[in-house]
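We count residues from 1, following the sequence as given.
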Amino acid sequence: MQVKGSGGSFVEQVYNLAPAVAWELGLQVCREMQVDVAQQDDAGMLLNGSLVSEEKSFLFGKPKRKEIVFAVQPLEQGCTVIVDIHKKRMEVYSLTPQNRETDKFVALFEEKAQAYLDRRICPQCHAALPKNVAFCPFCGQNCNKKS
């Protein structure tokens with residue numbers, strides 16, 4: 001489900017991933033999108049923070065900040081990933097689309113999820129690896145070692 005609203009957008013999607021894996025992939029996306037984390041609850045799989053939007057302020061052309069909520073909820077099979085990115089204040093109308101950041105988050109998340117499903121992820125540096133690699137070519141971690 002995707003909801004586009006005044007000042008932001010909300011995405012809720014189901015993935016056939018273990019909740020802990022989805023949480024880690026989402027945290028990687030947050031780092032890539034340079035989210036400033038205000039609160040992070042790893043046990044509850046909930047993150048609150050802010051990020052710089054591509055949108056600029058009307059008067060001074062300064063980048064606007066948007067609030068972000070990222071959450072993972074376990075399901076019987078897989079999990080639900082929720083991303084809500086919105087401005088601090090609601091707007092009655094907006095001349096520009098308000099879903100750029102959520103679209104970017106979802107695209108990055110799905111790219112990482114597919115890499116996880118197709119390949120292995122290094123437990124040390126989280127790089128996507130081919131299935132038959134014994135050692136990570138990026139950090140040297142033994143990928144056959146059970147944690």
Side-chain angles (χ1 to χ4, degrees), residues 1-56 62-91 94-147:
M1 167 177 63
Q2 182 167 6
V3 178
K4 299 174 191 173
S6 296
S9 64
F10 173 90
V11 176
E12 178 181 9
Q13 288 190 241
V14 174
Y15 292 93
N16 192 18
L17 293 169
V21 170
W23 177 246
E24 282 303 317
L25 296 177
L27 292 178
Q28 288 177 33
V29 172
C30 288
R31 285 190 289 275
E32 285 181 30
M33 291 182 68
Q34 299 177 340
V35 170
D36 291 328
V37 178
Q39 293 178 325
Q40 181 175 328
D41 177 7
D42 291 320
M45 292 186 271
L46 176 65
L47 178 139
N48 291 296
S50 64
L51 56 86
V52 175
S53 170
E54 294 177 17
E55 211 176 318
K56 306 254 190 245
K62 293 172 66 176
K64 292 184 179 181
R65 291 199 72 79
K66 288 189 177 181
E67 306 296 313
I68 178 172
V69 176
F70 163 62
V72 176
Q73 296 178 335
L75 297 173
E76 197 170 301
Q77 294 260 341
C79 63
T80 301
V81 173
I82 299 168
V83 182
D84 181 15
I85 301 177
H86 57 274
K87 293 180 182 173
K88 237 179 191 173
R89 294 189 178 97
M90 291 292 286
E91 293 180 347
S94 180
L95 300 175
T96 59
Q98 296 297 309
N99 61 324
R100 252 187 229 136
E101 291 82 13
T102 50
D103 287 349
K104 181 177 178 180
F105 189 99
V106 169
L108 287 169
F109 183 87
E110 289 182 349
E111 177 184 308
K112 290 182 181 316
Q114 196 59 51
Y116 177 82
L117 294 170
D118 290 346
R119 304 170 171 207
R120 294 197 345 222
I121 302 295
C122 174
Q124 180 70 31
C125 71
H126 306 291
L129 307 171
K131 290 181 182 179
N132 59 354
V133 171
F135 292 90
C136 176
F138 301 100
C139 71
Q141 173 72 27
N142 182 347
C143 297
N144 291 328
K145 183 175 143 185
K146 302 290 182 205
S147 342

Asks: Considering all heavy atoms of both residues, which atom of Cys79 and which atom of Leu75 are nearest to each other, and what is their separation?
Replies: C-CD1, 3.7 Å
Asks: I'd like to know whether Lys66 forms a side-chain contact (heavy atoms from CB on, under 4.5 Å) with His86, so could you lay out the CA-CA distance, the side-chain angles of the two residues, the decisive distance to 0.1 Å, and finally the verdict.
Replies: CA-CA 5 Å; Lys66 288 189 177 181; His86 57 274; over 6 Å; no
Asks: When the ring planes of Phe70 and Phe109 are compared, do they come out parallel, tilted or perpendicular, using 30° and 60° as the limits?
Replies: tilted
Asks: Are Cys136 and Cys125 close enough that some pair of their side-chain heavy atoms sits under 4.5 Å apart?
Replies: yes
Asks: Looking only at non-hydrogen atoms, find the nearest pair between Ala113 and Leu25 and report the distance.
Replies: CA-CD1, 3.7 Å
Asks: Any side-chain heavy-atom pair from Phe135 and Gln141 closer than 4.5 angstrom?
Replies: no
Asks: Identify whether the distance between the nearest side-chain nitrogen and carboxylate oxygen of Glu32 and Lys104 falls below 4.0 Å.
Replies: no
Asks: Just to verify, what does Ser50 make a side-chain contact (heavy atoms from CB on, under 4.5 Å) with, not counting sequence neighbours?
Replies: Asp36, Arg65, Glu67
Asks: Over all heavy atoms of both residues, which pair between Phe105 and Cys30 is shortest? Give the atoms and the distance, please.
Replies: CE1-SG, 3.8 Å
Asks: Taking side-chain contact (heavy atoms from CB on, under 4.5 Å) as the criterion, tell me which of Leu46, Val83, Ile82 meets it with Val69.
Replies: Leu46
Asks: Tell me, yes or no, whether the heavy-atom count around Tyr15 atom OH, taken from other residues, nucleotides or ligands under 6.0 Å, exceeds 12.
Replies: yes
Asks: Between Gln34 and Leu51, is any pair of side-chain heavy atoms under 4.5 Å apart?
Replies: no
Asks: Can you tell me how far NZ of Lys87 sits from OG of Ser53, rounded to the nearest 0.5 angstrom?
Replies: 7.0 Å
Asks: Could you pull out the closest heavy-atom pair between Trp23 and Asp41, with the gap in Å?
Replies: CZ2-O, 3.9 Å
Asks: Have Gln13 and Thr80 got a donor and an acceptor in their side chains that come within less than 3.5 Å?
Replies: no
Asks: Does Gln40 have any side chain to side chain donor-acceptor pair (under 3.5 Å) partners at least two apart in sequence or in another chain, and if so, which?
Replies: Asp42
Asks: If you measure from CZ on Arg31 to CG on Leu108, what distance do you get to the nearest 0.5 Å?
Replies: 12.5 Å
Asks: Side chains of Val81 and Glu12: closer than 4.5 Å at any heavy-atom pair?
Replies: no
Asks: Counting distance only, does the side-chain N/O of Asn99 pair as donor-acceptor with the main-chain N or O of Thr102 below 3.5 Å?
Replies: no
Asks: For the residue pair Met45 and Pro19, establish whether any side-chain heavy-atom pair is separated by less than 4.5 Å.
Replies: yes
Asks: Checking Val11 against Asp84 for the side-chain contact (heavy atoms from CB on, under 4.5 Å) test, could you report, in this order, the C-alpha distance in whole Å, the side-chain angles of both residues, the deciding distance, and whether it holds?
Replies: CA-CA 6 Å; Val11 176; Asp84 181 15; over 6 Å; no
